[in-house]
Amino acid sequence: MIDGLRPYAEMRPSGVEWLPALPQGWEIHRAKYSFKEADDRSDAGSEELLSVSHKTGVTPRSQKNITMFMAESYEGHKVCRPGDVVVNTMWAWMAAIGVSRHVGIVSPAYGIYRPRVADRFEPKFLDYLLRTEVYRAEYLRSSRGVTTSRLRLYPPDFLNIPFVQPPLDEQRLIVRFLDWHGAQTAKLIRAKKKIIALLNEQKQAIIHRAVTRGLDPNVRLKPSGVPWVAEIPAHWQMLSNRAFLKKRKLLVGAAHNEFQLLSLTKQGVIVRDVESGKGKFSADMGTSQVVNVGDIIFCLFDIPETPRTVGLSRHEGMITGAYTVFSFSGDVDPNYVELFYIAMDDRKLLGPLYTGLRNTIAPSRFVGIKTPTPPMPEQSSIVEAVQIATAEMNTTISKIENEVSLILEFRTRLIADVVTGKLDVRAAAASLPETVELEPIDDLVEGDDLDEAVDDAENEEVAA
């Protein structure tokens, strides 16, 4: 069906420099023609709290399992309704925008734009349109601020942006087609992610056994004295973290432009590609902290919800100040320590140490816990053995993850081509059923970038 798609037979200039030619019969009007700013406020803040993402649009925050920076009261937050366009003013340049399908509340700093007249737009068509790359680029141009992290898209500027408007019946056909394609894409990605999950389970088992039992299956064991480790080889010692970890927090301040930006991800500590514009960034880069090669980074809050809470840095740079950075001293192999805490993190075994609603481990408490520590040569042997045992799995996982990325890139391009009139899907959509049993794709497009989650929460706190 995708192969059979063709361009529209008749096109006309859009009249807008940054938009391509449009099909005959499509209109284009500035947002203010169809929408007006709304500023309804919640009396008690009891409505459903919504989140606005550049990947999934407007969704209930509860679906994302975000607990960071939850306010005590949401009284005075803005109320949005189905069909409203909701714009995260501070992250609009990243296309953090969407059309709400819910009655709920968002930060007072967000922009809400309500339809002036019903039936000019199919809400889901607009939701697809407004997060395309061509519109993201226009939000960036229309935003105001000295630096990227300070950009804001204010209501007069947003309402001045032209909206592509096909005939309403055609909008509905476009939505039917893209929903169908999304369902097929979701099924394909879920199948691939099941394979990744199985491979990761095998990796976790290999790593956990290696860092708690060693490499000798016949070794004599002894109680470790801590519940999350149980038994360890009799010749290992339980070493307090303060014996080899030293907490350090050095903020970059005004020199932040001299540092490359790092992120803690499931793939480890990576260098962010700032130029790509992908992901989110702290509103104040000066609050980032220095990271040296060989430092180990922990996210010691919201641990159960965080995909990866530990990573050894192989890069110089800076990372969000919300994380805890340790340097090493003493007779330990940093790679072994990273492996041990990856094993603990994969199964979230440090639960007995969590405190408070944020499931936090205080750094002062973390340095007091004990880590099973083999002799140095054995630590290095364990690291090498794990690398060998998991190398093929890692290669396969990387290959499948790359396939998933390409599938999502294709879908992103397809959406953009369809909603801006480059491809005609009317005939294809007409052959599809009126309703498609959707397998949601939203939860498949979230990245693994933990800085993005932290920065989103910091943004919510500032906005509130």
Side-chain angles (χ1 to χ4, degrees), residues 1-5 50-66 82 86 94-102 122-133 135-136 171-201 265-267 278-279 305 307 396-420 422-423 425-449 452-453 456:
M1 182 176 286
I2 300 292
D3 292 340
L5 299 181
L50 304 178
S51 178
V52 186
S53 164
H54 66 293
K55 294 180 178 178
T56 57
V58 183
T59 54
R61 190 161 177 168
S62 59
Q63 291 183 4
K64 295 193 171 186
N65 203 22
I66 296 173
V86 184
M94 279 297 302
I97 182 173
V99 180
S100 181
R101 288 171 285 175
H102 313 270
E122 171 66 30
K124 200 161 188 182
F125 167 82
L126 202 57
D127 197 57
Y128 280 126
L129 176 72
L130 294 182
R131 287 198 308 281
T132 57
E133 177 58 28
Y135 270 83
R136 188 197 72 81
Q171 291 181 42
R172 289 168 178 155
L173 286 172
I174 287 171
V175 167
R176 189 191 305 179
F177 176 83
L178 291 177
D179 281 354
W180 169 84
H181 180 265
Q184 308 312 307
T185 301
K187 289 177 183 177
L188 178 59
I189 291 176
R190 287 186 196 282
K192 290 182 178 294
K193 288 203 167 187
K194 284 181 181 177
I195 298 173
I196 292 175
L198 290 172
L199 290 170
N200 276 326
E201 285 179 11
T265 76
K266 290 197 76 171
Q267 287 71 44
K278 293 181 179 179
E305 298 84 24
T396 302
I397 289 171
S398 294
K399 180 180 178 182
I400 298 173
E401 287 177 339
N402 185 57
E403 291 171 357
V404 170
S405 294
L406 291 174
I407 291 168
L408 289 172
E409 284 179 18
F410 175 81
R411 174 161 171 79
T412 298
R413 178 59 186 270
L414 178 68
I415 290 172
D417 286 350
V418 170
V419 298
T420 59
K422 290 184 178 180
L423 288 175
V425 300
R426 289 174 296 180
S431 68
L432 296 171
E434 283 284 350
T435 57
V436 178
E437 187 176 345
L438 292 179
E439 185 174 3
I441 195 170
D442 286 356
D443 61 337
L444 300 178
V445 299
E446 293 295 342
D448 289 324
D449 188 346
E452 179 175 322
D456 185 56

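- Atom NZ of K194 is separated from atom CD1 of I189 by 13.5 Å, given to the nearest 0.5 angstrom.
- Minimum heavy-atom separation, L50 to H102: CD2-CB, 4.1 Å.
- Atoms CG and CG, from L178 and L173 in turn, are 11.0 Å apart once rounded to the nearest 0.5 Å.
- Here the CZ atom belonging to R426 is positioned 13.5 Å from the CZ atom belonging to R176, to the nearest 0.5 angstrom.
- Put simply, the side chain of Q171 never gets that close to the backbone of F125: no donor and acceptor are under 3.5 Å apart.
- Taken to the nearest 0.5 Å, the CD atom of E401 stands 8.5 Å off from the NZ atom of K193.
- Between T396 and L199, the closest side-chain pair of non-hydrogen atoms falls below 4.5 Å.
- Between the CD1 atom of I407 and the CD atom of Q184 there is a distance of 12.5 Å, given to the nearest 0.5 Å.
- Checked by atom type and distance alone, the side chain of R411 never pairs as donor or acceptor with a backbone atom of T185 at under 3.5 Å.
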Stepwise salt bridge (charged side-chain N to carboxylate O under 4.0 Å, His left out) test for K124 and D179: CA-CA 9 Å; K124 200 161 188 182; D179 281 354; 3.0 Å; yes
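- Scored by the ring-ring contact (aromatic ring centres under 6.0 Å, His included) test, Y128 finds no partners at all (sequence neighbours excluded).
- Looking at residues two or more places apart in sequence or on another chain, you find a side chain to side chain contact (heavy atoms under 4.5 Å, CB included) between R413 and D417.
- Closest non-hydrogen pair, G98 versus V52, comes out as N-CG1, 4.4 Å.
- Of the options L126, L130, V86, a side chain to side chain contact (heavy atoms under 4.5 Å, CB included) to I97 is made by L130 and by none of the others.
- Using a 4.5 Å heavy-atom cutoff, the side chains of D127 and V175 are not in contact.
- Taking the six-membered ring where the residue is Trp, W180 and F177 present tilted rings, their angle falling between 30° and 60°.
- Rounding to the nearest 0.5 angstrom, the gap separating the CZ atom in R131 from the CZ atom in R136 is 13.5 Å.
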For side-chain contact (heavy atoms from CB on, under 4.5 Å), just list the numbers for L188 and V404, CA-CA rounded to whole Å, side-chain angles, deciding distance to a tenth of an Å, and then say yes or no. CA-CA 9 Å; L188 178 59; V404 170; over 6 Å; no
